[in-house]
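Written below as structure tokens is the structure these notes are about.
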Amino acid sequence: MKILVLEYITGGGLRHKPLPPALAQEGELMLRALTDDLLTLPEVELTVFRDDRLAARQPSLGDAKLEMIHVGESDDFQALWRKWVASCDAIWPIAPETGGVLEHLCGDVESRGKTLLNSPASAVRLAASKRATLNRLKRERLVVAPTLPLIEWAKTSVSIENRRVDTSFILKPDDGVGCEGTQVIRGSADLAMAPNAENWIVQSLLEGESLSLSALFAKGRARLLSCNRQLVARAGSGFIFQGCLVNAIPDDAGAWQNLSDEIARAIPELWGYAGIDLILTETGPVILEINPRLTT
């Protein structure tokens, strides 16, 4: 079987734009872990896209089964991508949901009748919107972060200020990844720092521990892989992601597996690996978002 692996950041998706160092580093980690594992499988050959601005891959066992496609400044990324999708048996894309990037990549694979080793485009479309995802989960009685579109919240915040309630909120893009664009605000007076865009949401600032679940999904079922501790720090009015301690939280009582099962039943479109971001508060876990792809 010939598998095409695209990690979008390191694979040329941003070849005509600056490479964000933090995202490139995370992309390298995911790409190396995935390709090293896939190369141990018998009868598997890999094709991997590579931005030619990055250093060459360090040699490892199994590289004889690896073909690197270097994406240069003069290359048409979309044309290369579609060409190699057509010539491979299965495709594993890793890309941000922002701007519909991952959804479109998954749609390209599906439209060509190839095996997609990721959630389908329909699941990616849902999960790309934090608000739509949390609304779906809330309808299934899961505990989620209270979320409002920025425009609606701005109207509500006026009444909050009139009552002089000192409450903080989180402003973030509805389809952002990681801590991208996340800011802490207190009231409508802080909206001057908010972007002039409709695709932004406001969530309550929750006190607790930042965690994530790694799980496999298939047709309404889930298998928990690990519960991870996320290292997130305040940086000015926003946050920065500093790393992740994988499998840091045990699941002796099965609570995290049960939560994964509930998410799988609520969103049966999920397939393959997905990550769940949440806050563990004093009253229990509160879901923030779902990442329908491989995560750090």
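The figures here come from the full heavy-atom set of this structure, side chains too, leaving out hydrogens, waters and symmetry mates.
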Does the distance from a Lys or Arg side-chain N to an Asp or Glu carboxylate O, for R229 and E209, drop under 4.0 Å?
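Answer for the salt bridge query: yes.
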When you check the side-chain N and O atoms of [X] and [Y], is any donor under 3.5 Å from an acceptor?
{"X": "Q257", "Y": "D261", "answer": "yes"}
{"X": "E28", "Y": "T10", "answer": "no"}
{"X": "W81", "Y": "D108", "answer": "yes"}
{"X": "Y273", "Y": "T295", "answer": "yes"}
{"X": "S214", "Y": "N228", "answer": "yes"}

With a 3.5 Å distance limit and no angle check, can you tell me whether K2 reaches the backbone of C88 through a side-chain donor-acceptor pair?
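Between the backbone of C88 and the side chain of K2 there is no qualifying donor-acceptor contact (under 3.5 Å).
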Side chain to side chain contact (heavy atoms under 4.5 Å, CB included), that's the test. Do R53 and E73 meet it? Break it down for me.
CA-CA 9 Å; R53 292 173 293 180; E73 185 177 8; over 6 Å; no
[options] screened by side chain to side chain contact (heavy atoms under 4.5 Å, CB included) with [X], the one that passes:
{"X": "E7", "options": "L34, I94, L294", "value": "I94"}
{"X": "Q230", "options": "L245, T296, L211, D277", "value": "D277"}
{"X": "R131", "options": "T133, N135, L134", "value": "N135"}

With clusters built from Ile, Leu, Val, Met, Phe, Trp and Tyr whose side-chain heavy atoms come within less than 4.5 Å, directly or transitively, what are the remaining members of the cluster of L206, listed by chain and number?
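Result for L206 is V143, I279, V286, L288.
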